[in-house]
4 protein chains.
Amino acid sequence: MTDFTDIQFNILNSAIDLIAEKGIQQLTIKNLAGKIGKTEGAIYRHFEKKTDILCGILQIFKEYKISMQNKIQEKKSSTLMQLKEVMNQHFQMFSDKPAMAAVIFSEEIFQNEKQLADTVFAIMQETQHIVSSLIEQGQRSGQIRKDISPEQLSIIVMGSLRLMVTRWRLSRNAFDLQNEGTRLWESIEKILTR
Amino acid sequence: MTDFTDIQFNILNSAIDLIAEKGIQQLTIKNLAGKIGKTEGAIYRHFEKKTDILCGILQIFKEYKISMQNKIQEKKSSTLMQLKEVMNQHFQMFSDKPAMAAVIFSEEIFQNEKQLADTVFAIMQETQHIVSSLIEQGQRSGQIRKDISPEQLSIIVMGSLRLMVTRWRLSRNAFDLQNEGTRLWESIEKILTR
Amino acid sequence: MTDFTDIQFNILNSAIDLIAEKGIQQLTIKNLAGKIGKTEGAIYRHFEKKTDILCGILQIFKEYKISMQNKIQEKKSSTLMQLKEVMNQHFQMFSDKPAMAAVIFSEEIFQNEKQLADTVFAIMQETQHIVSSLIEQGQRSGQIRKDISPEQLSIIVMGSLRLMVTRWRLSRNAFDLQNEGTRLWESIEKILTR
Amino acid sequence: MTDFTDIQFNILNSAIDLIAEKGIQQLTIKNLAGKIGKTEGAIYRHFEKKTDILCGILQIFKEYKISMQNKIQEKKSSTLMQLKEVMNQHFQMFSDKPAMAAVIFSEEIFQNEKQLADTVFAIMQETQHIVSSLIEQGQRSGQIRKDISPEQLSIIVMGSLRLMVTRWRLSRNAFDLQNEGTRLWESIEKILTR
DNA sequence: GATGAATGAGCGTTCATTCAT
DNA sequence: CATGAATGAACGCTCATTCAT
């Protein structure tokens, strides 16, 4: 339930674009103001602090993520398919909103802003939890190997996902993330099912 | 290989400590000067630009890594054991030099400095290549499953390693990285050998 | 005399409250707008400039003061009693409207706004004049010592009054201003009558 | 024992001049930098925060005051003469360093900076204490009337001193403060001795 | 009457870098 | 070799004020 005004939304989206284009470090109030064609002061009509803008971005990502996750649960497919879907969604998300990766993988940068660091951590934790639960389910239903704990398997799954995304970013989006993601899933699936 | 003067070396190590203690964002010339007990100007006697310092740090890490890798190859153990050793070394390295993780995982921060970004990328690539080769060897010798390509497996291996380290950092080193690393290896091993 | 509209009056009183609560430095248009539950633009419907608001406040204080003074003259009591009453009133006023002290004693803040500085100065002068006249009267009637000029005595009277109020403010109203005022008067009275 | 460097001292004195000329509100880093013919950044080589500059100014005033007070105690004159001297010194100080009045009487402005507010308060308290003690001494030796407590008398003495200085400032130093101060003392003396 | 948006100037502060000594 | 001083550009932020609606 985001209750952002139109302008706030506009600013947030411009910020997201800016991050996608030039990285989080270039998200300055001045650059952002330039991007929306206003002066710096104008931004402060709509957000009290810069941190609030980052928070807003995280919230948008959070809700985007939630909306995607809901689609999965509705499908009532096998846990393995659900897992595939989760990974797929992540690749789609990052492909769609490259800023999301920049923000969510910028733990270092938020180090000095507890509020943000905590939010990023929470998002990470939550995803981890979802994957872990699905794996546990899969193990119970016999679809997924039982000789490795769900926690360890989820680290393996999420870790490889993250690394793929990181490479994609470092290569300046030189390859098709979703394609590679699909291929990665195929490998992961083999691993999970032996 | 390194042709750093004593003082340069001293500065670089202080920088590494500083990063380990307070994060990469706190690596300012002022803070660094304070750490080595000299003035800011003094640093510029020994390094032309701040970027050169970061480059120096990366080079130190690179050589540290190479020296460790050489130890492995000397041992002439099985490829699986060698792989284990590679992972082990990484956990040991990060555990030993926390700054290394902070620097190597700070792709975002280097985004606007091509030279640095490239170096980080190269280091990453090289490790990837080593792991990949070992896996290929393992596949040829029958120790490692063949239904997944070395490239994919190496992403899985390195990805989970990275994620574990990232968690360790975010938790402010709250758990024993080497222990958890060993446990992770056990899982990875099962995966590689089915 | 005041020709303020209802809304203007409302704004001025909110401003006075704001000053009393948070000090003159917190009297910003934004804070004031928040206090009256309107927007900043709304205030500019009723006052052209911020200075006009401060002027308005001063005028209210001026009239409040005049109305109190009128009560004294009506009483037709002895000059000494009238003087006592003047002091009493001041302590009552400041006690009642702490903002008044904040505004009237903020000469420094008005330094760059001639209009305001002049008004504050005028208020100060006028009080001085009243006290001075009363003392002169008292001297003529023999109630007050004649070896010190009315001007000097009035400085002594008003100066101690001001200092007492200043202390009360700095102590964040930690003591009962009116009580202490009464005690101060007793001392002043002894001084005036030898 | 101020341990300011030459440049710090220079900056502080420029700040004092600036205050004397344009008031405390005009003491901005930019204006100050302009005054010393440097850029704003230059100031921060020598003072970490603006507050430190204000603190430095207060310290200078404090020491100036102490040095003057020491001169009095050396003279070993009668308490009444000492009191006269204390007042005299204050008028001389303010006359000599008009910024001192601007700073010391700016309680309102420091309201949000505890450190400064406390220091100003301490200076005020100390003076109050000195005057109060002298008066008590004078009462014991029979030079000063005993029917009013030292605390009350000191409020009267310091209050009139302050008011005189305030007037002088508001009049933009239109009269000779030391002359008027001497005249004020004559009145005060009469009061103290009946 | 009032709102909501915006502006422009200013503020305190940080930082990589330069340079005379 | 090193210092101490300075710079210039940037940053996050605040405030009085304006104006179309």
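All chains are named by letter (A, B, ...) in the order of the sequence lines, taking the proteins before the strands, and each is independently numbered beginning at 1. Computed from a predicted model, the values in this text were never measured in an experiment.
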Expressed as a whole number of angstroms, how long is the span from [X]:[atom1] to [N]:[atom2]?
{"X": "B/Glu40", "N": "F/dG4", "atom1": "CD", "atom2": "P", "value": "11 Å"}
{"X": "B/Asn10", "N": "F/dC1", "atom1": "CG", "atom2": "C1'", "value": "14 Å"}
{"X": "A/Asn31", "N": "F/dA9", "atom1": "CG", "atom2": "P", "value": "16 Å"}
{"X": "A/Glu48", "N": "F/dC15", "atom1": "CD", "atom2": "C1'", "value": "15 Å"}
{"X": "D/Ile36", "N": "F/dT7", "atom1": "CD1", "atom2": "C1'", "value": "13 Å"}
{"X": "D/Ile43", "N": "F/dG8", "atom1": "CD1", "atom2": "P", "value": "15 Å"}
{"X": "B/Lys38", "N": "F/dC1", "atom1": "NZ", "atom2": "C1'", "value": "8 Å"}

For this session: For residues B/Leu170 and A/Met124, determine if any side-chain heavy atom of one lies less than 4.5 Å from a side-chain heavy atom of the other.
Result: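 SC-SC contact between B/Leu170 and A/Met124 confirmed.
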Exercise. Between A/Phe110 and A/Val103, is any pair of side-chain heavy atoms under 4.5 Å apart?
Worked result: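 Yes, at least one pair of side-chain atoms sits under 4.5 Å.
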Main chain of [Y], side chain of [X]: is a donor-acceptor contact present, judged purely on distance under 3.5 Å?
{"X": "D/Gln8", "Y": "D/His46", "value": "yes"}
{"X": "D/Asn31", "Y": "D/Gln26", "value": "yes"}
{"X": "B/Gln25", "Y": "A/Ile109", "value": "yes"}

For this session: Would you mind classifying the nucleic acid contact of C/Ile29 as base, sugar-phosphate or nothing, using non-hydrogen atoms under 4.0 angstrom?
Result: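 The answer is base, as C/Ile29 lies within the cut-off (heavy atoms under 4.0 Å) of a base atom.
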Problem set entry | Heavy-atom pair of closest approach, residues B/Ala102 and B/Arg169 |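 So the minimum-distance heavy-atom pair works out to CA-NH2, 3.7 Å.
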Problem set entry | Exercise: identify the closest heavy-atom pair between D/Lys50 and D/Leu27 |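 It is NZ-O, 2.8 Å.
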For this session: Report yes if the distance between the aromatic ring centroids of C/Phe94 and C/Phe61 is under 6.0 Å, otherwise no.
Result: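 Ring-ring flag for C/Phe94/C/Phe61: false, centres at least 6.0 Å apart.
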Exercise. Can you list the stems that DNA chain F is part of, where a stem is at least 3 pairs in a row, each Watson-Crick or G-U, with both distances below 3.5 Å?
Worked result: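 Correct response: E:2-21 with F:2-21.
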Exercise. Could B/Glu113 and B/Lys49 be called an ion pair, given the rule that one side-chain N must be under 4.0 Å from one carboxylate O?
Worked result: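 Salt bridge flag = no for B/Lys49 with B/Glu113.
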Problem set entry | NZ/NE/NH1/NH2 to OD/OE distance under 4.0 Å, B/Glu21 and B/Lys35 |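 Between B/Lys35 and B/Glu21 there is a salt bridge, with a charged N closer than 4.0 Å to a carboxylate O.
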Exercise. When the nearest nucleotide of DNA chain E is assigned to A/Ala42 and to B/Arg45 on a heavy-atom basis, which residue is associated with the more 5' position?
Worked result: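 Upstream on the strand: A/Ala42.
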Exercise. Which residue lies toward the 5' end of DNA chain E, A/His46 or C/Ile7, if each is placed at its nearest nucleotide?
Worked result: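 The answer here is C/Ile7.
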Exercise. Contact boundaries of DNA chain E with chain A (under 4.0 Å, heavy atoms), 5' to 3'?
Worked result: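 With heavy atoms of chain A under 4.0 Å away, the range is E/dA5 to E/dG8.
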Exercise. 5'-most contact on DNA chain F: B/Gly41 or D/Thr39, nearest heavy atom basis?
Worked result: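 With B/Gly41 and D/Thr39 compared, the 5'-side residue is B/Gly41.
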For this session: For D/Gly37 and for A/Thr51, locate the closest nucleotide of DNA chain F by heavy-atom distance; then report the residue assigned to the nucleotide nearer the 5' terminus.
Result: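 Going by which nucleotide is closer to the 5' end, it is D/Gly37.
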Exercise. To the nearest 0.5 Å, what is the distance between CG (D/Leu32) and CG (D/Leu12)?
Worked result: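 One gets 8.5 Å once the value is rounded to the nearest 0.5 Å.
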For this session: State the CD1-CZ distance between D/Ile60 and D/Phe9, to the nearest 0.5 angstrom.
Result: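 Answer rounded to 0.5 Å: 4.5 Å.
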Problem set entry | Minimum-distance nucleotide (side-chain atoms of C/Thr28 versus F/dG12, F/dC15, F/dA2) |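 Per side-chain heavy atoms of C/Thr28, the pick is F/dC15.
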Problem set entry | Selected nucleotide, minimal atom distance to A/Lys30 side chain, candidates F/dA2, F/dT7, F/dC11 |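 Among the listed nucleotides, the one closest to the side chain of A/Lys30 is F/dC11.
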Problem set entry | DNA chain F-proximal residues of residues 16-26 of chain C, any heavy atom under 4.0 Å |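 Listed by number, there are none.
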